[in-house]
Undergrad: 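Got a structure for you, written out below as structure tokens; questions coming shortly.
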Amino acid sequence: KSNTISVYIALGTLLWICVLKSGVHATLAGIIVALALPNTPLPGEKISLSEKVEHSLVPWVNFFILPIFAFVNSGVSFVGSSYEHMFHIMPIAIICGLVFGKQIGITLFSYLAVKLKLADIPKEMTWSDIYGVSILCGVGFTMSLFIGTLAFEENVESFALWVRLGVIFGSLISAIMGAIFFKILYSNKSK
């Protein structure tokens, strides 16, 4: 088979090196390789090479690349932080807002919208699903950091560390709680 992934990896790596050395942003090489992948399955196969690559990259992108990208590009720095900073009222308030405020607000307003006939729950969803999604909405990493810098625009340097700590730990707690909630919910549904 001429459409093996190893050919594309070799040519993509060579293209990436050439684009990098030319001074153009090297991510363009990835776009070119992605566009060059066959989008129709070969005879006797169910999915295309493009779909195979996509499916193999999804876990890496979702659980490794995107979180690191968000973290690095958000400009988060812990220089000058100490254990005591975590127990300041501001990070605790941000954590409570992300962890509990999102759950209460989203679930409550979803319930009101349904009761007032402004919206319907999708047929496959339950109130447990909506509540689980509200937990995961506490993972508001980059937008929460952005809003935190806007809220304290005049004194951003004084509050930046506390905002970062609150957002990072609030997002982390929400992610863990959401994962545990859905794990329990769907393990009970499958029984």
Side-chain angles (χ1 to χ4, degrees), residues 30-31 34 39 46-48 50-78 81 85-153 156 159-191:
I31 294 168
N39 213 11
K46 293 181 180 179
I47 62 172
S48 68
S50 177
E51 290 172 298
K52 286 179 188 176
V53 169
E54 179 185 354
H55 292 291
S56 66
L57 289 176
V58 163
W60 289 98
V61 170
N62 289 344
F63 300 113
F64 183 70
I65 295 168
L66 277 177
I68 287 178
F69 176 81
F71 190 75
V72 169
N73 285 306
S74 64
V76 172
S77 170
F78 292 109
S81 65
H85 284 102
M86 190 60 217
F87 295 102
H88 186 273
I89 190 66
M90 189 177 297
I92 291 172
I94 293 169
I95 290 168
C96 289
L98 288 172
V99 174
F100 302 113
K102 294 279 187 165
Q103 292 177 44
I104 294 166
I106 292 168
T107 305
L108 177 64
F109 282 99
S110 297
Y111 179 79
L112 289 173
V114 170
K115 288 299 174 191
L116 295 172
K117 305 223 184 279
L118 299 172
D120 293 322
I121 298 178
K123 291 177 183 164
E124 295 80 24
M125 286 190 80
T126 65
W127 281 107
S128 295
D129 294 324
I130 290 173
Y131 179 68
V133 169
S134 74
I135 296 170
L136 291 175
C137 285
V139 184
F141 190 72
T142 51
M143 187 54 72
S144 296
L145 288 173
F146 175 67
I147 290 170
T149 57
L150 288 179
F152 304 107
E153 197 170 11
V156 74
F159 298 112
L161 179 61
W162 290 324
V163 169
R164 288 183 200 124
L165 286 170
V167 169
I168 288 169
F169 283 101
S171 295
L172 187 63
I173 292 166
S174 295
I176 292 167
M177 284 176 66
I180 291 169
F181 180 84
F182 277 116
K183 179 83 172 159
I184 292 168
L185 179 67
Y186 285 105
S187 66
N188 289 341
K189 282 185 177 182
S190 63
K191 290 179 182 177

Undergrad: Looking at side-chain heavy atoms only, is the closest gap between Y111 and I121 below 4.5 Å?
TA: no
Undergrad: I need the L57 CG to N62 CG distance, nearest 0.5 Å.
TA: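 It is 10.5 Å, given to the nearest 0.5 Å.
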Undergrad: Measure the spacing between CG of D120 and CE of M125 and express it to the nearest 0.5 Å.
TA: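 That separation rounds to 13.0 Å.
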Undergrad: Can you label the angle between the Y186 ring and the F182 ring as parallel, tilted or perpendicular, going by 30° and 60°?
TA: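 Ring orientation of Y186 relative to F182: parallel.
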Undergrad: Which distance, rounded to the nearest 0.5 Å, do you find between the CG of N39 and the CD of E51?
TA: 7.0 Å
Undergrad: Would you be so kind as to tabulate the donor-acceptor pairs closer than 3.5 Å made by side chains of residues 92-110, with sequence neighbours excluded?
TA:
residue: Q103; atom: OE1; partner: Y131; partner atom: OH; Å: 2.4
residue: Q103; atom: NE2; partner: V99; partner atom: O; Å: 2.6
residue: T107; atom: OG1; partner: Q103; partner atom: O; Å: 2.8
residue: T107; atom: OG1; partner: S134; partner atom: OG; Å: 3.1
residue: S110; atom: OG; partner: I106; partner atom: O; Å: 2.7

Undergrad: In residues 165-176, what donor-acceptor pairs under 3.5 Å come from side-chain atoms, sequence neighbours left out?
TA:
residue: S171; atom: OG; partner: V167; partner atom: O; Å: 2.9
residue: S174; atom: OG; partner: G170; partner atom: O; Å: 3.0

Undergrad: Could you tell me which non-hydrogen atom of L185 sits nearest to which non-hydrogen atom of S128, and how far apart they are?
TA: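 Heavy atoms of L185 and S128 come nearest at CD1-CB, 3.7 Å.
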Undergrad: I need the minimum non-hydrogen distance between D129 and E124, along with the two atoms involved.
TA: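 Minimum heavy-atom contact is OD2-O, 3.9 Å.
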